[in-house]
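All remarks here apply to the structure that follows.
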Protein chains: 2
Amino acid sequence: MAKIDDVAKLAGVSPATVSRVMNGTSAVKASTREKVEAALAQLSYRPSHSARALARTKKTSLGLVVATFSEPFFMSLTESIVAFATENEVNLTTAIGGDSAEGEAEAIDTLLSHGCKAIVMHSKYLSVEQLTDLLNAIPSLVLLNRLVLGFEDRCVWLDNRVGAENMARRLIDAGHRQFACINRAEKIDDSVDRFAGWQRALQHHGMALAEHSVAEADCTLAGGYDAVVQLLNNKASFTALLCYDDSMALGAIRALADAGLSVPKHVSIVGFNDSYMARTSYPKLTTMHYPVEQMALEAGRLALQRIAAEKMIVQHVGRYLPVVIARQSDRRLAMEAVS
Amino acid sequence: MAKIDDVAKLAGVSPATVSRVMNGTSAVKASTREKVEAALAQLSYRPSHSARALARTKKTSLGLVVATFSEPFFMSLTESIVAFATENEVNLTTAIGGDSAEGEAEAIDTLLSHGCKAIVMHSKYLSVEQLTDLLNAIPSLVLLNRLVLGFEDRCVWLDNRVGAENMARRLIDAGHRQFACINRAEKIDDSVDRFAGWQRALQHHGMALAEHSVAEADCTLAGGYDAVVQLLNNKASFTALLCYDDSMALGAIRALADAGLSVPKHVSIVGFNDSYMARTSYPKLTTMHYPVEQMALEAGRLALQRIAAEKMIVQHVGRYLPVVIARQSDRRLAMEAVS
DNA sequence: TTGTACGCGTTATCAC
DNA sequence: GTGATAACGCGTACAA
């Protein structure tokens, strides 16, 4: 493999000039450029990936931690950050956190050893203590989708509680009085907060989710199906079903259909996240829109700002509120049924 | 980010010793080791990925070019090479060739700039001329699944023609006399050779594939479906259908079912590749087993051997022959129907 | 506009 | 068993 010195020698210039020609870093006389390009071609020169990476570690680069690439939610998130990085001309390195606290911590380590200066992390599994330690150790770390008290200026988060509360209220206002819910079995911030929101809205109207009206399962289509089976076995009776997210909601619709109940005729169903499926399913899902793209952008902006030379104070909006997207899976109860 | 010198200073040793402790390269006194490990932990030291990569470029490393990771065929292939690399303690770098000659060439470049010393490539789209140039330029390049004349000692290939011929003969021997085929539309070695094999077997028995009995389409399930629709529109009449590969065969089965024809009752169908789906479909597919794992291993062995110091001459088996795996999608024609 | 010289973090080699 | 020192290949201040 030819190296940059070989090219330089062949072209009769210094290695620095070869670098300039390749990267367009600074102006080079046309005749020189041609000589270099000829040499480049003649040796079919390939810059060494590793040497480049090493020499460029000084440049600011952004790191991203996501759980996976294969879910729509993370696709949107990643796309958004990729666009942001491209636009701001910073390198982006991505690491997979997976489904565990260890995986998330490992991902951070990976990014650090890749020389990332700023990091945006979507974390589900790290504890508040662990996150606090990380935030203290890594000044440029920004959290996407978690709120850690004391670090409000480095968090971009969705108010799940208020979102869930608003969604429940929508159904209450539509006349529903018999509720059930299916929640994600894992106790992460999202599931705890959404449940709290539902309860709060219901209690505000003198209702509450009884134990036999609450089912927990995997956060998947199959999980949603199973959860509804649980509810029906419990002989829970409900006209409105609150679901942790869209995938569970869709699974729930199938389970209800298999039990002879149609949506929204017999049961009103609402999801959360406004994922792609919510728009393409039948019936289309009423759900909460999660402004991932916006939030990802804000997180990227924040992270980059934290390593910028000029630490200008920019207004930071950390809290985002999901809004109801009304579609076809819920309905207003007829008056006679309510009264 | 702490650097290795910081760790060394804190532990009161030289950077070299820190490296030895981390990598277990050579013996280190227990007391020294402990000091170093303490320093490592205290600074929560992360070796720089790029610096490591650069310093390690001397080590032999193997490169692999595949079209994609998401098809079963390439999964098997990749798995096999990964195991091989692990076993032989060489680093493995993988690059995606995609669906074009440019992509394949690009992948090779990527591997070279990553410092790969030996390369195994699965190429579909590069021309024989391009491959010849590459083989001349890169002494350690080994081709998987292509035969380039003059480089027999660096090719590991499947004899598609003879394989296809054997498969067609099986059906002839089973009494079939009315044939049709569906082939991949792209003219790559595989599709050309398999077609040639079919024709050869049929001509040997005084038959031939008439134009209206040949359909071409994408090499996918949907493509297989479409191809059969073409055949039926052509009013082609056949008791045996030769398919380019398993996915097209499976699509074909669906199309036939939709047309009221059942497999193997009305039509005998055979695939190629013996992919995962062939064993799990209904009916299970009679197909040709493609010994990817074995071939990948041989290619890896060959590539590594070409950069080995001791150039011992090892017997090289380049040509592989697929064998018929008889399952349920074809049948012997009853005597009365034949006579 | 171009060249010199140094740094990046690690590892191999040779001394000691 | 351990420490200097020299690569590894490129980018980039700084100097010319």
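In what follows, every chain begins at residue 1, and chains take the letters A, B, ... in the order their sequences are listed. What you see is a predicted model, and the numbers here were worked out from it, not measured in a lab.
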| Which residue, A:P15 or B:A16, contacts DNA chain D at a nucleotide closer to its 5' end, judged by nearest heavy atom? | B:A16
| request: To the nearest Å, give me how far apart CG (A:N91) and P (D:dG11) are. | output: 12 Å
| query | Given side chains that start at C-beta, do those of A:V156 and A:L143 come closer than 4.5 Å, heavy atoms only? | reply | no
| said: Regarding B:T32, tell me which of base, sugar-phosphate or nothing describes its non-hydrogen contacts under 4.0 Å with the strands shown. | reply: sugar-phosphate
| field | Phosphate OP1/OP2 of D:dG9: any A:R52 side-chain N/O under 4.0 Å | value | no
| field | Sidechain-backbone polar pair: A:D6 side chain, A:A2 backbone, donor-acceptor under 3.5 Å | value | no
| note | From CZ of A:R46 across to P of D:dC10 the rounded distance in Å is 12 Å
| Ignoring hydrogens and angles, are the base of D:dG3 and the side chain of B:R20 linked by a donor-acceptor pair under 3.5 Å? | yes
| query | B:R33 has an atom CZ; how far is it from atom P of D:dG1, in whole Å? | reply | 11 Å
| Can you tell me how far P of D:dG3 sits from CG of B:D5, to the nearest Å? | 13 Å
| said: Less than 4.0 angstrom between a side-chain N/O of A:T17 and OP1 or OP2 of C:dG3, yes or no? | reply: yes
| query | How are the rings of B:H122 and B:F73 set to each other: parallel, tilted or perpendicular (split at 30° and 60°)? | reply | perpendicular
| task | Could you state the atom-to-atom distance from CE of B:M22 to P of C:dG9 in whole Å? | result | 13 Å
| task | Answer yes or no: does a side-chain N or O of A:K3 lie under 4.0 Å from OP1 or OP2 of D:dC8? | result | yes
| Can you check the B:I4 CD1 to D:dG3 C1' distance for me, whole Å? | 13 Å
| message | Taking only side-chain N and O atoms of A:K29, does any of them lie within less than 4.0 angstrom of OP1 or OP2 on C:dT1? | response | no
| request: Give a yes/no on whether any side-chain N or O of A:S19 is located under 4.0 angstrom from OP1 or OP2 of D:dG11. | output: yes
| note | Atom NZ of A:K9 and atom P of D:dG9 are separated, to the nearest Å, by 13 Å
| request: Report yes if a side-chain nitrogen or oxygen of A:S14 is closer than 4.0 Å to either non-bridging phosphate oxygen (OP1 or OP2) of C:dG3; otherwise report no. | output: yes
| query | Are B:D189 and B:L147 close enough that some pair of their side-chain heavy atoms sits under 4.5 Å apart? | reply | no
| task | Could you say whether A:T25 or A:M1 is positioned toward the 5' end of DNA chain D, judged by the nucleotide with the nearest heavy atom to each? | result | A:M1
| request: Verify, without hydrogens or angle tests, whether B:E104 (side chain) and B:G98 (backbone) share a donor-acceptor contact under 3.5 angstrom. | output: no
| query | If only side-chain N and O atoms of A:R56 are considered, is one of them under 4.0 Å from the OP1 or OP2 phosphate oxygen of D:dG11? | reply | yes
| query | So what does B:N23 hit on the nucleic acid, given a heavy-atom distance under 4.0 Å: a base, only sugar-phosphate, or nothing? | reply | sugar-phosphate
| request: State which of C:dT2, C:dG3, D:dC8 makes the closest approach to the side chain of A:V28. | output: C:dT2
| said: Could you check whether B:Y125 and B:E186, counting side-chain N and O atoms only, form a donor-acceptor pair closer than 3.5 Å? | reply: yes
| note | Taken to the nearest whole Å, CG/A:L43 to P/D:dG9 is 14 Å
